[in-house]
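Presented below is the structure to which this report refers.
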Amino acid sequence: MAADTHLFLCLKDNYGVLVHDSETGATAAIDAPESAPVEAALKATGWKLTDILVTHHHADHTDGIADLKQRHGCRVVAPRGEAQKIPLVDETVREGDSVKVGKLSANVIETPGHTLGHITYWFHGDKLAFAGDTLFSIGCGRVSEGTPEMMWASLLKLRDLPGDTRVYCGHEYTLANIRFAQTIEPNNAALSARAAEAARQIAAGQPTIPTTIDEEKAANPFLRADLPAVAAAVGLSGKSAVEVFAEIRARKNKF
Ligand code: ZN
Ligand code: FE
């Protein structure tokens, strides 16, 4: 039985998403930026909240937990590495653990860098990944707590997922990410195609996610830091992928 998903905006540009197992009725919220839009999404779908799967401790991913838990008594699953910074955690998970949502099953992939304990939930059977603030569509999260080495290694783990995995991320940053990416690879045809598609989606009031691993490999400069052409584009020919990644990330911070 396939997973159903329901995506909605929270706060200014955060995404909330529900994952639903139609066989058992179990429903997980991936992160909880604020409670009201999650409640509205539950009402719109008729689904009953059973779990909250937290990717990392930042307030724009956790501020809705207390309200939702009080109202629904749902289980809160959080990364072991930063569970003490997240309210009302019932269960902590780490690399290699699996999390059940009804009969759906997610593998936990540790993807530190944005925060030290950040995790990604990969529902391999459903070809779905929830990457929080690690991988964005045509971008990646700021390296707030970790190192560029750490973030690059995390992005490589995600890049290695099956190409047709649909990736949900924590924010709608795609258009700004594309504008930046075009300064790195102005002649990347996949990126140009993506720019046109994303502009159309935003104009129509639609989200630009989910994206896929294959689309990101083709157009996201942060996943392409080990390509000679990308190294050359930032004046770092012959340098390591980590150095190229760090330079692209530094440029994006100033963009
Ligand atoms: Zn964050
Ligand atoms: Fe965030």
Side-chain angles (χ1 to χ4, degrees), residues 13-14 55-61 79 81-82 85 94-95 108-120 122 129-161 163 165 167-192 194-195 198 208-209 211-255:
D13 53 31
N14 276 77
T55 62
H56 68 296
H57 71 83
H58 285 158
D60 65 313
H61 298 255
E82 51 192 52
K85 296 178 177 169
R94 57 183 295 181
E95 178 93 13
V108 174
I109 304 173
E110 289 181 353
T111 48
H114 176 66
T115 65
L116 289 174
H118 194 298
I119 59 175
T120 292
W122 175 40
F130 298 93
D133 288 357
T134 297
L135 176 64
F136 292 131
S137 178
I138 317 297
C140 74
R142 276 180 187 266
V143 183
S144 303
E145 295 180 5
T147 62
E149 286 79 0
M150 226 180 238
M151 191 64 158
W152 172 245
S154 295
L155 291 174
L156 286 182
K157 284 185 184 176
L158 298 181
R159 195 177 73 174
D160 281 344
L161 295 179
T165 304
V167 181
Y168 286 81
C169 51
H171 293 267
E172 180 57 70
Y173 290 159
T174 308
L175 284 186
N177 287 341
I178 287 171
R179 279 193 291 276
F180 170 73
Q182 288 179 321
T183 68
I184 307 290
E185 289 196 283
N187 301 317
N188 179 326
L191 180 58
S192 304
R194 195 60 183 287
T208 62
I209 69 164
T211 178
T212 66
I213 294 295
D214 274 343
E215 287 180 275
E216 295 306 309
K217 279 169 153 172
N220 184 333
F222 294 101
L223 292 189
R224 297 167 58 78
D226 53 353
L227 295 178
V230 173
V234 295
L236 292 176
S237 285
K239 299 291 187 185
S240 72
V242 171
E243 288 171 282
V244 175
F245 168 77
E247 171 64 17
I248 299 172
R249 190 56 256 184
R251 289 187 184 196
K252 176 68 167 67
N253 291 349
K254 288 179 266 169
F255 185 70

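Bear in mind the structure is a predicted one, so any value in this text is a computation, not a measurement.
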Spell out, as yes or no, whether a donor-acceptor pair under 3.5 Å connects the side chain of R179 to the backbone of F255.
-> no
Between the side chains of H118 and T111, does any donor sit under 3.5 Å from an acceptor?
-> yes
Residues S137 and C169: closest non-hydrogen pair is N-SG, 3.9 Å
Return the minimal non-hydrogen interatomic distance between G163 and T212, and the atom names on each side.
-> O-CB, 3.7 Å
Which one of R224, R159, R194 satisfies the salt bridge (Lys or Arg N to Asp or Glu O under 4.0 Å) criterion with E216?
-> R194
NZ (K239) with more than 12 external heavy atoms under 6.0 Å = no
For atom CZ of R94, decide whether the heavy atoms of other residues, nucleotides or ligands shown that lie under 6.0 angstrom number more than 12.
-> no
Indicate the ring-plane relationship of H56 and H61, choosing parallel, tilted or perpendicular according to the 30° and 60° boundaries.
-> tilted
Give me the ring orientation class for F245 and W152: parallel if the planes are under 30° apart, tilted from 30 to 60°, perpendicular past 60°.
-> tilted
Could you please spell out the steps behind the side-chain hydrogen bond (donor to acceptor under 3.5 Å, both in side chains) verdict for E145 and H57?
-> CA-CA 12 Å; E145 295 180 5; H57 71 83; 2.7 Å; yes
Less than 4.5 Å apart, any side-chain heavy atom of E82 and any of H58?
-> no
Stepwise, does the side-chain contact (heavy atoms from CB on, under 4.5 Å) test hold for L155 with L135?
-> CA-CA 7 Å; L155 291 174; L135 176 64; 4.1 Å; yes
